[in-house]
There are 2 protein chains.
Amino acid sequence: MLSLTCKTAIKAVIYLASKFESGEKSGIKEIAEFIDASEHTVGKMLQTLVKAEVINSAKGPTGGFFITGKQKNQAIIKIIDAVDGKNVFEECGLGLSKCSATHQCPIHNDYKVVRDKFKTLCQQKKVSDLCDTVNDGLAYLVG
Amino acid sequence: MLSLTCKTAIKAVIYLASKFESGEKSGIKEIAEFIDASEHTVGKMLQTLVKAEVINSAKGPTGGFFITGKQKNQAIIKIIDAVDGKNVFEECGLGLSKCSATHQCPIHNDYKVVRDKFKTLCQQKKVSDLCDTVNDGLAYLVG
DNA sequence: ATAATAAAAGCATTTAAATACTTTTATTAT
DNA sequence: ATAATAAAAGTATTTAAATGCTTTTATTAT
């Protein structure tokens, strides 16, 4: 459903959220190492997130990437929209270019239920929620 | 969730199912044209389906691909298992290589619900069910 | 002002999926 | 038996995503 880069993006933002309390900024290398992803992929993707105002950045010494309290309270769908685009949640289950109630593929109705359920999940889960599970040792970003 | 080839496979099998009554066999070109897919991709993929006994084939003149009554009554998960492999329904929502109840990613529980719902859909929908919706003009294989 | 630091940006390479091409094998009708 | 047909199989190319590398720009501390 989501691209590898998008999954990496969600993990990176969760990591930044975990640094919110301390106010620390994080560099590309540090983030990539922690979430076990390619440094270059992470760099490109973080730029995308900055442009979409999902996270922030500062250049120069003491610079790095960081997140605000407001951004921490955003749902993860914001990350998905920024990285994979808005029509992730509109795609046909059988790959038809135009699949809707009026011209549908054979699994349209059932697939829509699943897809919508995933969308709701992405709309409801906040970055802070996911960050909490990691902080509490209930979930992990690698493995 | 599913590869393009797998989506193509489901459409191809539905097409073959629609030819079951008449007993006609269908060639690669005919199938590819009807479902609007690459002839070469369809050829390779049909071989995979034959090996997995999801469909049948016959070489030579009057040969082609066809489906039996028993095969028509199979669930579409058989097609998915054959083309994309069995662990489509085990994959982690955030791309962790090992994500389970004991070592989970931050969205594991919610994602599992969605994934399992999709799996159930694929286990319940028979080729014949999908074929019927197309025959009845309620659904399409192209567009 | 200068040097150091770190993100931003542009371009190149790699990888895997999809698509394309060619040859081989089996089968059927003549 | 032979020729025609169509799947099977093997190899090659293309495409898009991911990854890698290099240069540029902005910022901060000295």
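Not measured: the values here are computed from a predicted model.
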Nearest-Å distance for atom pair CE/C1', residues A:Met45 and C:dA9: 17 Å

Sugar-phosphate, base or nothing in reach of B:Ser38, heavy atoms under 4.0 Å: sugar-phosphate

Value in whole Å for how far the P atom of C:dT15 lies from CG of A:Leu4: 15 Å

Atom-pair distance (CD on B:Glu33; P on C:dT19), nearest Å: 16 Å

Exceeds 12 heavy-atom contacts within 6.0 angstrom, atom NZ of A:Lys112: no

Watson-Crick or G-U wobble mate for C:dA7, both contacts under 3.5 Å: D:dT24

Check: A:Ala139 main-chain N/O paired with B:His108 side-chain donor or acceptor under 3.5 Å: no

Side-chain (B:Asp110) to main-chain (A:Leu121) donor-acceptor, under 3.5 angstrom: no

Gap between atoms NE2 and C1', on A:His40 and D:dT19 respectively (whole Å): 7 Å

Mate of C:dT30 where both pairing distances stay under 3.5 Å, Watson-Crick or G-U: D:dA1

Pair partner, D:dA16 [Watson-Crick or wobble, under 3.5 Å]: C:dT15

Ring centres under 6.0 angstrom apart (B:Phe66, B:Phe20): no

Enclosure of A:Lys117 NZ (heavy-atom neighbours >12, cutoff 6.0 Å): no

N/O donor-acceptor pair under 3.5 Å between A:Gln71 side chain and A:Glu53 backbone: yes

Phosphate OP1/OP2 of D:dA18 contacted by A:Thr5 side-chain N/O (<4.0 Å): yes

Min side-chain heavy-atom separation A:Phe89-A:Asp116 under 4.5 Å: no

Footprint string (nucleotides 5-14 of chain D, 5' to 3'): B base within contact, S backbone only, - free, heavy atoms under 4.0 Å: BBSBBBB---

N/O (side chain, A:Ser3) to phosphate O (OP1/OP2, D:dA17) under 4.0 Å: no

Nucleotide C:dA8, atom P - distance to CG of A:Asn56 in whole Å: 10 Å

